[in-house]
**Student:** 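Quick one: structure below, then a few questions.
Note: hydrogens, waters and symmetry copies are ignored here, and every other heavy atom, side chains too, is used.
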Amino acid sequence: MTVTPAAAALEAVHLSKHFAPRSGLLSIFGAPAPVRAVDDVTMALAPGEVVALVGESGSGKTTLGRLLVRLEQPTSGRIVAGGVDMTRVRGSALKRLRRQVQLIFQNPYESLDPRHSVATAVTEPLRIHGIGSRSERSATARELLEAVGLAPAAAYLDRLPHELSGGQRQRVAIARAMALRPSVLVADEPVSMLDASIRSSVLNLMLDLRERFGIAILFVSHDLASARYMSKRALVMYRGQIVEEGPTDDVVATPAHPYTRMLIAASSRVLGPAPAVSRAADRPPACRFAPRCPLAQPVCWTDAPPMVAVAAGHAARCHFALDVLHGRGAPS
């Protein structure tokens, strides 16, 4: 599915975030290069759409999510929400735009203030944005707790986080993210810290909220099974770049990038951080996956691969995308 800018609930345009190397590091090859956590990413979410963003730990997924909700300042590029460029506004105008895009954090044990009751946690966004009277905010909190499956709400309002299970905490965090009635939720690994027995119920909750409120969801995950369950469209990220995108079923069933194929092969085990690529005296490979790729050819080290269309709405950033798609090796 191609989302046109005019129809997008949220859009990133050539978005990049580069971090300076740690101070004090010396290199015999000169000053260390900046860390390109997000590098020239363009993507869009349609209203009510769920898109999965998948990749290993360290691929840049979380940084991209934090950029989209403006918890990080981009190095370059644009973030457009509701037709307004969020990177060009400040102060009260930015505060209003942030209401449209909310973040669900990965760790429910750290995302809630241990000193605040459930009622305070859920109503805090409303108070910060000056929405409603105290009684109206209280009523909204009750409504939201019921909506996320914490019923009766009165049994939870006065509880502190340590009195809740991990699943209950994450439901509170989801209720808080929904308090401002956003048009987009960025869900950063929202079930990875939960017991396997309750993950599906939280995933179903997010799909129910999407159906009820028409929100778009960027579902960030390293778990391809969850990504396939949640989304119709997937983006695969590696070292700051989108290396494959397309209908989720197509990306999983017929991957066109060697990295996606590797993720699928490794899906039966927990994925760790991507191995570091050592900095050589010559310039780094034009394709970031080349040092790990079984199909790498000299062109992969010299020429940056373009996004190659392999089917309707399905493309991969690989010189040999069609060969990968059809299970062939790279041409000799």
**Student:** Quick one: does R90's side chain have a donor or acceptor within less than 3.5 Å of a partner on T87's backbone?
**Tutor:**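 A pair under 3.5 Å: yes.
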**Student:** Determine whether a donor-acceptor pair (N or O, by modelled atom type, separation under 3.5 Å) exists between the side chain of R261 and the backbone of V324.
**Tutor:** yes
**Student:** Could you check whether E56 pairs with R292 (Lys NZ or Arg NE/NH1/NH2 to Asp/Glu carboxylate O, under 4.0 Å)?
**Tutor:** yes
**Student:** Atom NE2 in H162, atom CG in L112: separation rounded to 0.5 Å?
**Tutor:** 13.0 Å
**Student:** Hey, does S76 have a side-chain heavy atom less than 4.5 Å from the side chain of H18?
**Tutor:**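 Not touching, per the 4.5 Å side-chain cut-off.
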**Student:** Drop me the distance from L68's CG to L185's CG, to the nearest 0.5 angstrom.
**Tutor:** 12.5 Å
**Student:** Rounded to the nearest 0.5 Å, what separates atom CG in D40 from atom CD in Q241?
**Tutor:** 7.5 Å
**Student:** Can a salt bridge be assigned to the pair R233 and E49 using a cut-off of 4.0 Å between side-chain N and carboxylate O?
**Tutor:** yes
**Student:** Hey, can you tell me if Y259 and Y238 have their rings parallel, tilted or perpendicular (30° and 60° cut-offs)?
**Tutor:** tilted
**Student:** Which one of H314, R317, H257 satisfies the side chain to side chain donor-acceptor pair (under 3.5 Å) criterion with E244?
**Tutor:**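 Only match with E244 under side chain to side chain donor-acceptor pair (under 3.5 Å): H314.
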**Student:** Near K232 NZ, under 6.0 Å, is it more than 12 heavy atoms from other residues, nucleotides or ligands?
**Tutor:**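 No.
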**Student:** Between V51 and I217, is a side-chain contact (heavy atoms from CB on, under 4.5 Å) present by the stated rule, with each step listed?
**Tutor:** CA-CA 6 Å; V51 172; I217 301 173; over 6 Å; no
**Student:** Between K61 and D188, does any side-chain N to carboxylate O distance fall below 4.0 Å?
**Tutor:** no
**Student:** Show the nearest heavy-atom pair for residues A179 and V122, with the distance to one decimal.
**Tutor:** CB-O, 3.6 Å
**Student:** Is the CG atom of D85 crowded by more than 12 outside heavy atoms at less than 6.0 Å?
**Tutor:**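 Yes, CG of D85 has more than 12 neighbouring heavy atoms, counting only those of other groups under 6.0 Å.
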**Student:** Just checking, any donor-acceptor pair under 3.5 angstrom between side chains of S221 and S226?
**Tutor:**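 No, because no side-chain N or O of S221 sits under 3.5 Å from a partner of the opposite role on S226.
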**Student:** What's the separation between atom CG in L10 and atom CE in M43, rounded to the nearest 0.5 Å?
**Tutor:** 6.0 Å
**Student:** For V186 and I104: C-alpha separation, side-chain torsions, deciding distance, then whether side-chain contact (heavy atoms from CB on, under 4.5 Å) applies.
**Tutor:** CA-CA 6 Å; V186 176; I104 301 172; over 6 Å; no
**Student:** Measure from the side-chain N and O atoms of S183 to the backbone N and O of Q100, and report whether any donor-acceptor pair falls under 3.5 Å.
**Tutor:** yes
**Student:** Taking the six-membered ring of Y156 as reference, does the cationic atom of R159 (NZ for Lys, CZ for Arg) lie under 6.0 Å from its centre and within 45° of its axis?
**Tutor:** yes
**Student:** Does S197 offer a backbone N or O that forms a donor-acceptor pair with the side chain of D195 under 3.5 Å?
**Tutor:** no
**Student:** Can a donor-acceptor pair be found between the side chains of E72 and T63 at a distance below 3.5 Å?
**Tutor:** no
**Student:** For L180, does its backbone N or O pair with a side-chain atom of R99 as donor and acceptor, under 3.5 Å?
**Tutor:** no
**Student:** Side chains of R70 and Q73 only: does a donor on one sit below 3.5 Å from an acceptor on the other?
**Tutor:**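 Yes - a donor-acceptor pair under 3.5 Å links their side chains.
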**Student:** Could you check T123 against R134 for side-chain contact (heavy atoms from CB on, under 4.5 Å), going step by step and ending with a plain yes or no?
**Tutor:** CA-CA 9 Å; T123 59; R134 179 175 295 184; over 6 Å; no
**Student:** For A153, is there any backbone N or O sitting under 3.5 Å from a side-chain donor or acceptor partner on E146?
**Tutor:** yes
**Student:** Consider only side-chain N and O atoms of S117 and T120, and report whether a donor and an acceptor are under 3.5 Å apart.
**Tutor:**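 Their side chains do contain a donor-acceptor pair, which is all the 3.5 Å distance test asks for.
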**Student:** Nearest 0.5 angstrom please: Q170 CD to L164 CG, how far?
**Tutor:**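 One finds 11.5 Å between CD of Q170 and CG of L164.
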**Student:** For the side chain of E136 and the backbone of S133, is there at least one donor-acceptor N/O pair under 3.5 Å apart?
**Tutor:**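 Pair found, side chain donor or acceptor close to backbone of S133.
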**Student:** Give a yes or no on whether the backbone of S192 and the side-chain of Q106 come within a donor-acceptor separation of less than 3.5 Å.
**Tutor:**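 Between the backbone of S192 and the side chain of Q106 there is no qualifying donor-acceptor contact (under 3.5 Å).
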**Student:** With rounding to the nearest 0.5 Å, note down the distance linking CG in L53 to OG in S59.
**Tutor:** 7.0 Å
**Student:** Can you confirm whether more than 12 heavy atoms, excluding those of R88, are under 6.0 Å from its CZ atom?
**Tutor:** no
**Student:** Could you check if a side-chain atom of M237 sits within less than 4.5 angstrom of a side-chain atom of V243, using non-hydrogen atoms only?
**Tutor:**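 A side-chain contact under 4.5 Å is absent here.
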**Student:** Any link between I174 and V101 through a network of hydrophobic side chains (Ile, Leu, Val, Met, Phe, Trp, Tyr) touching at under 4.5 Å?
**Tutor:**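 In one cluster: no.
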**Student:** Could you go through residues 198-207 and list every donor-acceptor pair under 3.5 Å that involves a side-chain atom there, pairing it with any protein atom two or more places apart or in another chain?
**Tutor:**
| unit_1 | atom_1 | unit_2 | atom_2 | d |
| --- | --- | --- | --- | --- |
| R199 | NE | V191 | O | 3.3 |
| R199 | NE | L194 | O | 2.9 |
| R199 | NH2 | L194 | O | 3.3 |
| S201 | OG | R171 | NH2 | 3.3 |
| S201 | OG | I198 | O | 2.7 |
| N204 | OD1 | Y229 | OH | 2.4 |
| N204 | ND2 | S200 | O | 3.2 |

**Student:** Say whether E189 and H222, considering side chains only, have a donor N or O and an acceptor N or O under 3.5 Å apart.
**Tutor:** yes
**Student:** Look at the side chain of E163 and the backbone N and O of L160, then say whether any donor-acceptor pair between them is shorter than 3.5 Å.
**Tutor:** yes
**Student:** Is there a donor-acceptor pair closer than 3.5 Å between any side-chain N or O of E11 and the backbone N or O of A8?
**Tutor:** no
**Student:** Under the side-chain contact (heavy atoms from CB on, under 4.5 Å) criterion, do L15 and R78 qualify, and how do the steps go?
**Tutor:** CA-CA 6 Å; L15 192 64; R78 297 186 295 126; over 6 Å; no
